[in-house]
Amino acid sequence: MTVDSVTSSPLGPPATEKDAKALQFIEETTKNTDLVQERVLGEILSRNAETEYLKRFSLDGATDRNSFKSKVPVVTYEDLQPEIQRIANGDRSPILSSHPISEFLTSSGTSAGERKLMPTIHEELDRRTLLYSLLQPVMNLYVPDLDKGKGLYFLFIKAETKTPGGLVARPVLTSYYKSEHFKTRPIDPYNVLTSPNEAILCPDSFQSMYTQMVCGLVMRQQVLRVGAVFASGLLRAIRFLQLNWQQLAIDICNGTLNPKIIDPSLRETMSGILKPDPELADFITKECCEENWEGIITRVWPNTKYLDVIVTGAMAQYIPLLEYYSNGLPMACTMYASSECYFGLNLKPMCKPSEVSYTIMPNMAYFEFIPHDPSAPPLSRHSPPRLVDLADLEVGKEYELVITTYAGLCRYRVGDVLEVTGYHNAAPQFRFVRRKNVLLSIDSDKTDEAELQKAIDNASVLLREFNTTVVEYTSYADTKTIPGHYVIYLELLVKDPANNSPNHEVLDKCCLAMEESLNSVYRQGRVADSSIGPLEIRVVKNGTFEELMDYAISRGASINQYKAPRCVNFSPIMELLDSRVVSVHFSPSAPQWTPEQRS
Ligand code: AMP
C-alpha cells in the first residue's frame, strides 16, 4: 500500500507516511537550496562568533556571505593542525567551536602519515542520523516490499583511543554505531537488520564478523539485501565465508557457537538465534565446498534484490568482482559522507554505478566549490580562488569541495573533486570524480587516482579474455632505478587457472596497455625525455591485499572505512608486498607519444 493519497512526492509515491515526510523534507530543502545555505551559514557564524578562530578574522558579528568570503581564508587540514593539536591536548576554550568538542573522528585521509583528527560536536550526530533517515524512504521508491524481509549488512566498530587531553578519537561510523541514535533507533519494518547490535558493537573483528555471518546464514531466506559500507568490506565478508564456512556449518548443524566467540553478551544473544539446523548446514557445505564461487551471494541469499555498497570513487574497481559473486545484482550507492561532514544522498540508488550522482543536502553544512582546473597554478594565500556557492554551479564542470561545518571547520578543503551532473530542484547533483593528490610522480609527470584506475581498466581488458580480473592493486614510484619507474602491484583472480590463464607475454602487454592510457606528460617522459623507465607489474599472491588490510587494521585503520592505498611507500608495506610477488613484468616497448598540436 502506498500513501499516495496522503502526500505524493515528485520523487515518487512514498511507501509510508513516515516516508512521505522524509521525501517532503528532501523536496523542500532542495527547492530552497540557496536560502537554506544562507541560513546554515548565518547559524554557524553567529553561534561561533566568539570562537578564537573566527575572532581572528574580525567578522565583528557579521554573518553574511560577503563578509565571510572576503575575510575568512580557505584552509587545509595542515593549516588547522595547531588548533586541532591544542584541542587534542586538552584546551577546552572555544577555539573552533562554541559548542564543546565531544570527540575526534579519525579520517582515513592522512596528514604526514597520521590519520587526520576531525573535531566534532554532539549535535552532529543528529545531522548524521537525519541523513540516514532519508535513505530508506528513497530506496522504498525503487524497491518494493523491503518490509517483507531483512538486510544483511556487515557493519563494524573499532576500538577507540584517547587524545592526550582525554578526548575519544575513533572513526565516524564507530561513533555512530555506538551512539544511542543507532542503538535505540526506532523499529522500522523496512529497515530490519539480521545483525544484532551486540554483533555490530563487538570490538573484536573476528567475533563480530563471525556472528554477523551466522545470523546472515540462519536468516538466509529472509535476506532481501546484502551490504557493507564500502565494496571492499563486502568482499572481505565473502572472503571470510570462504575461510570459515566449515566451522560455520558445524555451528549451524549443532546449534553450538564457535568457542572463539568469547564476548558474553554476544554469546547470550546468539543463543537466542542459533538453533540446530542440519539441513541448512548441509546446504552451506554443498555450496561452499565447490571451487566455483560465481554467484555465491545469490546462491546463499536467493532473495537478495540488490547489494548496498559504495562502488564509486576508489571502490569502482570492485564492481566486476561483486558482479561475479552476485550474478550481476544491482549495486546501490546510497550516500556520500566523510568524517568532516555527511554530505548527501543518491536519489536514484538503483542506477548503474557509472551513473551515480549524489545530491548534497543543503542543511548539512555550508558548501562552497573551487572550480577545478587541472592546468591552473596551485592556489596560494595571495591569490585566493573564486569560490562558487552550492546553488550556482554549472553542469558538466568539476569542482573541489570546501565546507564550513557546525563543528567549526571554516572553508575547509575536503580534497574531493566532484562533477556536477544535473540538478534536483535547486540542488546540484554530483558524480564523485576522485580524491585529490593521490599521485605517482617520477619526473614532472603526475598521475592521480582516476588515471591510475583508468590504466588498470585498460590492462583489465587484455585480461578479460583469460577470464581474469584484477582483485586489488596499488602502486609505487620506484626511484631506486635510474630513471625511476612506476611499479604496479596486482592481485589477480584467475577464474579457470587450469585451462585459461594469462601468460608472461600477456602480462607484459598489460604494462604497455597501462602506459598507453597514462597522461601525455608521463608518455613524453617515457618517449621523448627518457626520464621515466618502463612500467613494471608485480603480480602478487592471492590474499596479499587481505594481509595488507589486516596490517593496516592492526595499526589502527577501521574495517568500515578501510580502502586499499592506491600508492604505497611505507617500508613495511613494501616489504610485505615484495615478499608475495609471484611474477614480474615490464613494458616491452614505449607507449605512443606525439607532441601536442597547438594551433
Ligand atoms: P573518511 O573521512 O575516512 O570517512 O573518508 C571520507 C572520504 O571517503 C570522502 O571525502 C571521499 O573521498 C570518500 N567517499 C565517501 N563516500 C564516498 C562515495 N559515496 N563515493 C566515493 N567516495 C566516497
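Every number for a ligand or one of its atoms is a count from 1 in the order of the listing.
By the 4.5 Å heavy-atom criterion applied to side chains, Leu418 and Tyr336 are counted as neighbours.
Residue Val414 approaches ligand 1 through these ligand atoms, each under 4.0 Å from one of its heavy atoms: 10 (O). Near Ser338, the atoms of ligand 1 lying under 4.0 angstrom from a non-hydrogen atom of the residue are 4 (O), 6 (C), 10 (O). Here is the list of ligand 1 atoms found below 4.0 Å of a heavy atom in Gln561: 1 (P), 3 (O), 4 (O). Listed by atom number, the atoms of ligand 1 under 4.0 Å from Ile310 heavy atoms are 18 (C), 19 (N), 20 (N). Using a 4.0 Å cut-off to heavy atoms of Met335, the atoms of ligand 1 that qualify are 19 (N). Residue contact check: Tyr358 has heavy atoms under 4.0 Å from atoms 18 (C), 19 (N), 20 (N) of ligand 1. Taking a cut-off of under 4.0 Å to the non-hydrogen atoms of Lys563, the atoms of ligand 1 that pass are 3 (O), 5 (O), 8 (O).
Each of Phe367, Phe369, Tyr423, Tyr399 was evaluated against Phe430; a single residue qualifies, Phe369, per the ring-ring contact (aromatic ring centres under 6.0 Å, His included) test. Of the options Tyr132, Phe182, Tyr153, Phe156, a ring-ring contact (aromatic ring centres under 6.0 Å, His included) to Tyr177 is made by Phe182 and by none of the others.
Considering backbone and side-chain N/O of Thr106, none are found under 3.5 Å from N/O of ligand 1.
For the salt bridge (charged side-chain N to carboxylate O under 4.0 Å, His left out) test, residues two or more places apart in sequence or in another chain that qualify with Glu355 are Lys352.
Proximity of Thr312 to ligand 1, defined as any heavy-atom pair under 4.0 Å, is shared by backbone and side chain alike. Only backbone heavy atoms of Ala337 (N, CA, C or O) come within less than 4.0 Å of ligand 1; its side chain stays farther off.
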With a 3.5 Å cut-off and sequence neighbours excluded, list the donor-acceptor pairs that the side chains of residues 389-396 form with protein atoms.
| residue | atom | partner | partner atom | Å |
| --- | --- | --- | --- | --- |
| Asp389 | OD1 | Lys69 | NZ | 3.1 |
| Asp389 | OD1 | Tyr366 | OH | 2.6 |
| Asp389 | OD2 | Arg65 | NH1 | 3.0 |
| Glu394 | OE1 | Lys397 | NZ | 3.0 |
| Glu394 | OE2 | Lys397 | NZ | 3.4 |

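Under the 30°/60° scheme for interplanar angles, the aromatic rings of Tyr412 and Tyr77 are found to stand perpendicular.
Using a cutoff of 4.0 Å between basic side-chain nitrogens and carboxylate oxygens, Arg127 and Glu124 are scored as salt-bridged.
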